Novice: 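The structure that follows is given in the form of structure tokens.
Numbered from 1 within each chain, the chains take letters A, B, ... in sequence-line order. Here the structure is a predicted model, which means the values were calculated and not measured.
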Amino acid sequence: MNQENVRVRFAPSPTGFLHIGGARTALFNWLFARHHGGTFILRIEDTDRKRYVPEALDYLLDSLRWLSLDWDEGPEVGGDYGPYFQSERLELYHKWANWLVENNYAYRCYCTPAELAAMREEQRRRGLPPGYNRHCRYLTPAERAAKEAEGRSYVIRAKMPLEGSTTVYDLIRGEITFDNKTLDDFVLLKSDGYPTYHLANVIDDHFMGITHIMRASEWISSAPRHALLYRAFGWEMPKLAHLPLILNPSGKGKLSKRKKQAGNEEILVNVQEYRDAGFLPDAVFNFLANIGWSYDGQTEIFTREQAIARFDIKDINSTAAALPFSKMEWLNGMYIREMDLPSLTAALLPFLAKSLGRSEETLAGDERLPQLVKLVQERIKRLTDAADIIRFAYVDHLAYEAKNLVAKKLTPAASLAALQEAIRRIEALPAFTEEALEMTLRDQVAASGLKAGQLFNILRWAVTGQKVAPPLFGSMAALGRETTLRRLHEAAQRLADLVAAVPS
RNA sequence: GCCCUCAUCGUCUAGUCUGGCCUAGGACACGGGCCUUUCAAGCCCGCGACAGGGGUUCGAAUCCCCUUGAGGGCACCA
């Protein structure tokens with residue numbers, strides 16, 4: 001095992017909700033840190049003031065906590081390498097940006113956004129590759145002094161080598177070489193005094209003692225820029241691992257925050273959407289761990305602890321993956337079936353409350369709830385599926401057509417007779433339990449020569465008003481003697497009316 | 001346009017580094033069956049892939065090259 005003290009970070013920018021791909025990145029970093037007994041750091045990259053969303057930090061922390069991805073250093077927990085908000089580290093960035101200028105690795109650029117836009121337009125029109133034309137790199141001292149005298153605002157750009165090549169080593173992909181000619185003089189420090197990702201990330205990773213950088217593979221192209229910065233500073237670069245992208249379910253394009261729909265299939269992009277859609281955090285964790293990484297190529301379901309024990313960067317895939325959404329549903333169902341009743345009930349409460357129009361307190365106090373939850377456990381994939389299945393227990397009046405009470409291959413009159421016999425038996429029951437109900441009703445089937453399905457279908461409609469419902473005896477038991485019998489009598493009345501209306 | 005990356009069932013993946021154990025394994029989905037009072041759950045069976053072409057080798061999914069395809073990047077965003 002790795003003896004070095006592993007320090008990794010997840011470094012989101014607070015611009016909105018936590019993207020499921022971001023969550024996967026966080027998850028892999030977390031697994032890696034936990035596997036090595038290292039440190040998982042949360043760093044907030046809030047250097048883009050235009051896209052900054054104040055509430056985003058709360059969303060981020062909520063989502064990470066929901067997934068139980070606890071961080072050892074960062075917001076709310078502190079640490080010895082803070083501050084963990086980049087907006088509070090501006091002095092550091094200025095210091096080192098200036099150092100780069102003084103040591104001829106960077107220069108001040110006075111080009112205005114308008115000039116740059118014009119330049120880009122020109123490049124586009126002439127079919128040239130986009131990129132800064134290095135205008136200010138070649139300013140004479142006099143020109144430079146003049147710009148300064150004008151008091152023009154400036155950015156600091158990296159002075160990239162014009163020839164040669166830069167090779168980075170990726171733990172997942174091996175060596176990746178870039179021709180330096182293709183690297184433009186990117187911005188390090190913006191005119192508003194905030195650093196760009198490239199500068200801040202290198203400085204912070206260095207001073208925070210980061211040992212491994214695990215980030216999405218969309219960053220591969222910037223890796224040589226970062227490598228060159230490390231070289232200029234004379235710092236050792238952390239080990240790199242670029243994680244495979246998560247694609248849209250269609251497999252076309254990376255999973256974007258905007259595309260919410262692919263055909264009829266819904267696409268859940270943010271972690272909170274998974275929660276709201278009735279997914280369990282453990283299931284989402286398990287699901288995410290299976291994208292780009294696999295436990296052993298055989299086992300689909302595993303605990304966090306098992307994943308931690310087995311996690312290794314070397315087993316991370318290099319191939320981009322589409323989200324297997326239907327597998328997410330299956331997995332969630334598996335987790336639901338594994339839960340104990342009290343946990344499931346607690347998890348279900350907010351969803352039931354919302355859908356059934358009752359308060360959580362009311363529902364929690366309903367003595368029938370445990371039985372109902374039990375009925376639901378084997379037939380839901382998402383927590384949101386439960387309400388419809390047990391809705392029959394929360395309506396005052398059942399709305400269904402009387403003809404549904406007529407069993408297959410039976411006349412209305414015969415159906416009525418069967419129903420009445422069932423009522424007689426149930427009323428005679430000394431104890432209204434699932435077992436007692438089943439025994440006497442199966443007795444009736446045997447004695448009457450009816451098919452089980454014939455009798456039970458009549459009763460299901462009578463008791464739940466639904467074609468599809470949970471198992472009959474359990475449903476009756478959950479409903480209770482009084483409600484069950486009342487509904488049975490109502491059904492008998494409807495059937496009687498039907499028989500009277502359609503004599504045959 | 002330029003640079004970079006990737007390429008196994010519809011999808012997620014194992015196998016690729018260290019060629020032979022691969023007539024390519026698992027899972028989801030799909031189809032069929034069993035069970036069964038409906039719906040589920042569970043169990044069983046089935047369908048289904050090494051992108052194509054060249055090499056290297058006694059032997060290639062595994063190594064090399066080319067083609068094709070897909071994706072990412074090319075901002076005073078991260």
Novice: Hey, does D184(A) have a side-chain heavy atom less than 4.5 Å from the side chain of R225(A)?
Specialist: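 Contact flag for R225(A)/D184(A) side chains = yes.
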Novice: Calculate the interatomic distance between F325(A) atom CZ and A29(B) atom P; express it in whole Å.
Specialist: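 It is 13 Å, rounded to the nearest whole Å.
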Novice: May I have the distance from E329(A) (atom CD) to A27(B) (atom C1'), rounded to whole angstrom?
Specialist: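 For the pair E329(A) CD and A27(B) C1', the rounded distance is 16 Å.
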Novice: Between P on C28(B) and CZ on F287(A), what's the gap in Å once rounded to a whole number?
Specialist: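 Roughly 14 Å, once rounded to whole Å.
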Novice: Charged N to carboxylate O below 4.0 Å: is that the case for D296(A) and R310(A)?
Specialist: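 Result for this pair is no, no salt bridge flagged.
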Novice: Checking all strands, does N317(A) fall into the base, sugar-phosphate, or nothing category for heavy-atom contacts under 4.0 angstrom?
Specialist: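 Touches sugar-phosphate only.
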Novice: Applying side chain to side chain contact (heavy atoms under 4.5 Å, CB included) between F279(A) and each of L383(A), V284(A), L331(A), I336(A), report the one that passes.
Specialist: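 Single side chain to side chain contact (heavy atoms under 4.5 Å, CB included) partner of F279(A) among L383(A), V284(A), L331(A), I336(A): V284(A).
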Novice: Should the heavy atoms of other residues, nucleotides or ligands under 6.0 Å from NZ of K451(A) be counted, would the total exceed 12?
Specialist: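 Not more than 12 within 6.0 Å, no.
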Novice: For atom P, what is the distance between G33(B) and G71(B), given to the nearest Å?
Specialist: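 So the two P atoms sit 39 Å from each other.
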Novice: If you count every heavy atom of other residues, nucleotides or ligands that lies below 6.0 Å from E121(A) atom CD, does the total exceed 12?
Specialist: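 Above 12, so yes.
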Novice: Does R108(A) make a cation-pi contact with Y110(A), if we ask for NZ or CZ under 6.0 Å from the ring centre and within 45° of the axis?
Specialist: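 No, R108(A) does not sit over the ring of Y110(A).
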Novice: Assign a letter to each nucleotide of nucleotides 31-44 of chain B from its 5' end: B, base within under 4.0 Å of a protein heavy atom; S, sugar-phosphate only; -, no contact.
Specialist: ------BBBBSS--
Novice: If we take the P atom in both G73(B) and U67(B), what is their distance in whole Å?
Specialist: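 It comes out at 24 Å once rounded to the nearest Å.
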Novice: Check every strand shown and say whether G292(A) touches a base, only sugar-phosphate, or nothing at a heavy-atom separation below 4.0 Å.
Specialist: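 Since only primed, P, OP1 and OP2 atoms lie under 4.0 Å of G292(A), the category is sugar-phosphate.
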Novice: Please verify the inter-ring angle class for Y400(A) with W461(A); under 30° counts as parallel, over 60° as perpendicular, anything in between as tilted.
Specialist: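 Tilted, since the angle between the ring planes falls between 30° and 60°.
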Novice: Hunt down the Watson-Crick or G-U wobble partner of C30(B), both distances under 3.5 Å, from any strand shown, or write none.
Specialist: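 G46(B) is the nucleotide pairing with C30(B).
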Novice: Between protein and nucleotides 71-78 of chain B, map the contacts as a letter string: B base, S sugar-phosphate only, - none, heavy atoms under 4.0 Å, written 5' to 3'.
Specialist: SBSBSBBB
Novice: Quick one: L323(A) CG to C12(B) C1', roughly how many Å, whole number?
Specialist: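 To the nearest whole Å, that distance equals 10 Å.
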Novice: List in chain and number order the residues that pass salt bridge (Lys or Arg N to Asp or Glu O under 4.0 Å) with R442(A), two or more places apart in sequence or in another chain; answer none if no residue qualifies.
Specialist: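 In terms of salt bridge (Lys or Arg N to Asp or Glu O under 4.0 Å), with neighbours along the sequence ignored, R442(A) is linked to E438(A).
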Novice: Rounded to whole angstrom, note down the P distance from U5(B) over to G59(B).
Specialist: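 U5(B) and G59(B) have their P atoms separated by 31 Å.
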Novice: So, does S326(A) get its side chain near the phosphate of C28(B), meaning an N or O under 4.0 Å from OP1 or OP2?
Specialist: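 Checking C28(B) against S326(A), no side-chain N or O comes under 4.0 Å of OP1 or OP2.
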Novice: Answer yes or no: does atom NZ of K374(A) have more than 12 heavy-atom neighbours from other residues, nucleotides or ligands under 6.0 Å?
Specialist: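 Open: at most 12 neighbouring heavy atoms sit under 6.0 Å from NZ of K374(A).
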